[in-house]
Amino acid sequence: MDLHDAQSWLVEFQSQLSLQFQKMPGSAIFLRYVKSSYQNDPIRSAVELFLFLFAIRYLLAPSYSTQKKSYVTLSDEEVDELVDDWTPEPLVAPQTSFEEAENERIPVIVGPTGPKTKLSSGRTVTNLASFNFYNLIGNETLKEKAIQTLRTYGVGPCGPPGFYGTQDVHMKTESDIAAYLGASACIVYAQAFSTISSVIPAFSKRGDIIVADRAVNYAIRKGIQISRSTVRWYDHNNLEDMQRVLERVVKEQAKKPLTRRFIVTEGLFENVGDMADIPKIIELKLRYKFRLILDETWSFGVLGRTGRGITEHQNVDAAEVDMIIGSLAGPLCAGGGFCAGSQEIVEHQRISAAAYTFSAALPAMLATTASEVLHMLETNSDMLTQVKENIKTMWTQLDPRSDWVHCTSSVENPIMILVLKAEVISGKKLTVSDQEQLLQDVVDESLVNGVLITRLKSMPRAINVTAKDIGWELQPALKVCITSGLSKREIEKAGITIRHAITKVVNKRK
Amino acid sequence: MNDGKKGRRRRSSSLLYQEPPESMEHMSDQSALPNLNADWVNAKGAWTIHIVLIIALKILFDIIPGVSQETSWTLTNITYMFGSYLMFHWVQGVPFEFNAGAYDNLNMWEQIDNGDQYTPAKKFLLIVPILLFLLSTHYTHYDFIYFMINFLAVLGVVIPKLPWSHRLRVGFLSGNPDDR
């Protein structure tokens with residue numbers, strides 16, 4: 001009987017259910033759909049049903065994150081404990097005794113700088129520590145011109161070049177530099193340092209390849225780091241090694257989608273002072289299909305018969321170099337930097353180089369000063385010969401004559417980088433900090449005798465980068481900057497002073 | 001300095017390959033700016049446009065003379081599937097220069113909602129092709145040929161959307177991962 005009851009209840013329930021179902025809006029459509037879709041094809045219907053059920057399951061699933069958690073969950077007590085325990089590190093590390101001693105004796109210049117400079121101690125010393133190669137700092141014509149521009153244009157344009165910052169003088173400076181170099185176009189940046197660190201990431205992106213000299217300066221290193229590109233280093237100024245690296249890159253990339261590839265090097269190296277062999281590099285870059293980014297910060301306005309830089313010095317067409325980066329701040333005594341290249345290369349930077357788009361434009365008077373200096377260099381090659389004479393004079397006093405130091409700079413470079421000879425370092429067992437201390441003593445000693453020179457002060461390596469990673473170690477050095485503002489006799493005298501200071505200091509050291 | 005190849009080596013000649021997690025540098029570049037390439041799927045009207053496009057496609061194929069209802073539905077279906085596959089699963093990276101190329105190894109589906117699974121946008125984007133498929137099979141009157149075409153098309157877009165295939169690369173489809 002129970003069974004019968006249950007059966008009748010079930011039938012009742014079923015009819016109730018179908019009644020309810022028919023009352024539901026759209027149930028007729030659903031039924032028609034199911035009936036027509038079955039079509040005596042159970043497999044296909046099963047597939048459709050499965051897909052439908054899968055969709056329902058997907059809809060109902062809770063969301064979750066696929067990111068790996070990179071932190072530990074802490075309770076409030078633990079957080080409080082950690083906060084209590086925390087003692088902040090000083091924002092600036094305390095000075096080392098070496099830095100303290102150096103900063104204490106740092107010379108302070110009173111009044112304008114120049115070949116002869118007055119110090120706060122009241123003494124007048126010979127200044128061989130400024131990039132004042134042509135003594136343009138004291139040039140009255142330039143000063144007059146700058147004052148005139150200042151009266152017309154005011155101090156700064158107060159806006160980035162793409163946003164009301166560009167003035168006619170900037171465009172004139174750009175075309176002047178392009179014409180001077182023999183490049184088809186040029187773009188002027190507001191800071192020399194940030195020019196190269198902004199040009200590299202404007203062109204080279206993640207996945208692109210940069211082949212760079214191990215001894216390149218800090219600005220280039222920063223540029224490479226920002227660009228996120230893959231870097232391959234070659235030994236400093238070793239073109240055989242460069243060729244090996246280029247060959248390897250070409251081989252590795254042979255079957256892969258094409259990426260942009262660049263060679264990055266300097267004309268005159270900031271940290272070593274020597275010169276790159278541009279004709280050979282251009283030959284290699286053409287053979288292996290790379291682009292060349294050449295940092296001429298220290299060679300533009302210095303090398304060549306009329307100061308056009310390393311391309312003129314080594315008889316290379318500037319148009320062969322894809323990007324020439326130069327500084328208007330050092331030898332030209334103006335300010336800012338530039339990148340010269342083809343029309344496309346320059347126009348690309350106007351919207352995608354960070355230092356150009358996001359920095360206020362160069363003050364107008366610096367732009368006109370730069371144009372004026374270029375004009376002077378072009379028309380008056382005596383300026384350059386005077387410096388070259390003075391460099392030669394200084395070399396004869398220092399490099400072959402000194403038993404302790406030798407100059408790693410090329411003979412055309414007005415910045416003489418003097419490093420201790422290898423036998424001196426090994427003979428006296430000098431560590432890097434010993435050398436720094438010794439050279440600082442030399443700087444102090446020459447200042448006592450009336451000659452202001454300086455040490456090579458390079459920015460530290462990037463965090464987590466050791467000398468082994470780069471494969472090159474900066475050697476502590478003296479920096480002597482030659483100027484045409486001094487006569488041959490004065491240079492000779494200064495050279496003797498420096499040499500004697502070196503001898504005295506090194507001899508004193510056991 | 002920043003050798004991007006580290007940790008991106010592929011196991012030799014395996015057909016399936018899982019994209020490895022990003023380095024710190026990658027992650028900081030990814031979060032530097034919002035990912036405009038993927039964020040719009042959560043914007044207003046981003047869901048409606050799928051429906052609108054499907055209707056537009058259907059109308060387009062209907063007005064071509066000589067196209068039967070069956071063909072029209074099938075064409076609508078495979079056009080939508082193909083287009084969405086291309087957009088969500090084939091193209092990798094971001095067309096804008098906002099994240100220094102930090103998304104270069106991820107397709108758009110993997111960029112949506114920062115790679116989270118079962119988010120509302122992803123649920124919607126998975127349901128649309130399934131419903132479209134059910135509709136088109138219904139209106140093609142369950143013809144076997146049409147059914148197979150439509151079914152393969154829907155599989156093509158549903159499988160890459162599964163959480164299982166997140167960051168999964170198939171060897172013959174996307175090539176050697178070191179290439180990219």
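Chain naming here is simple, since letters A, B, ... match the order of the sequence lines and numbering starts at 1 in each.
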Heavy-atom contact with chain A under 4.5 Å, split by part of [X]:
{"X": "B/L134", "result": "both"}
{"X": "B/D29", "result": "side chain"}
{"X": "B/F144", "result": "neither"}

Heavy-atom neighbours of [X] [atom1] exceed 12 at 6.0 Å:
{"X": "A/Y64", "atom1": "OH", "value": "yes"}
{"X": "A/I43", "atom1": "CD1", "value": "no"}
{"X": "A/I29", "atom1": "CD1", "value": "no"}
{"X": "B/Y139", "atom1": "OH", "value": "no"}
{"X": "A/R291", "atom1": "CZ", "value": "no"}
{"X": "B/F124", "atom1": "CZ", "value": "yes"}
{"X": "A/K457", "atom1": "NZ", "value": "yes"}
{"X": "A/F54", "atom1": "CZ", "value": "yes"}

To the nearest 0.5 Å, how far apart are OG in A/S65 and CG in B/D116?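 Output value for this atom pair is 4.5 Å.
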
Rounded to the nearest 0.5 Å, how far apart are NE2 of B/H138 and CZ of A/R32?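 Between atom NE2 of B/H138 and atom CZ of A/R32 there are 7.5 Å.
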
Short side-chain to backbone donor-acceptor contact, A/T66 and B/G115, under 3.5 Å: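 Flag set: sc A/T66 to bb B/G115 pair under 3.5 Å.
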
Short side-chain to backbone donor-acceptor contact, B/K123 and A/A55, under 3.5 Å: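 Absent.
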
Would you call A/V47 and B/F147 a side-chain contact if the rule is heavy atoms closer than 4.5 Å?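 Side-chain contact under 4.5 Å: yes.
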
Salt-bridge present (B/D104, A/R206; N to O < 4.0 Å):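 A/R206 and B/D104: not salt-bridged.
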
Heavy-atom pairs under 4.5 Å with chain B: which of A/P62, A/S352, A/P201, A/A61 has the most?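 Between A/P62, A/S352, A/P201, A/A61, the count favours A/A61.
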
Working for side chain to side chain contact (heavy atoms under 4.5 Å, CB included), residues B/I130 and A/Y58: CA-CA 11 Å; B/I130 291 181; A/Y58 195 92; over 6 Å; no

Could you tell me which residues in residues 149-163 of chain B have at least one non-hydrogen atom under 4.5 Å from a non-hydrogen atom of chain A, sorted by residue number?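 From residues 149-163 of chain B, the residues near chain A are B/F151, B/V154, B/V158, B/K161, B/L162, B/P163.
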
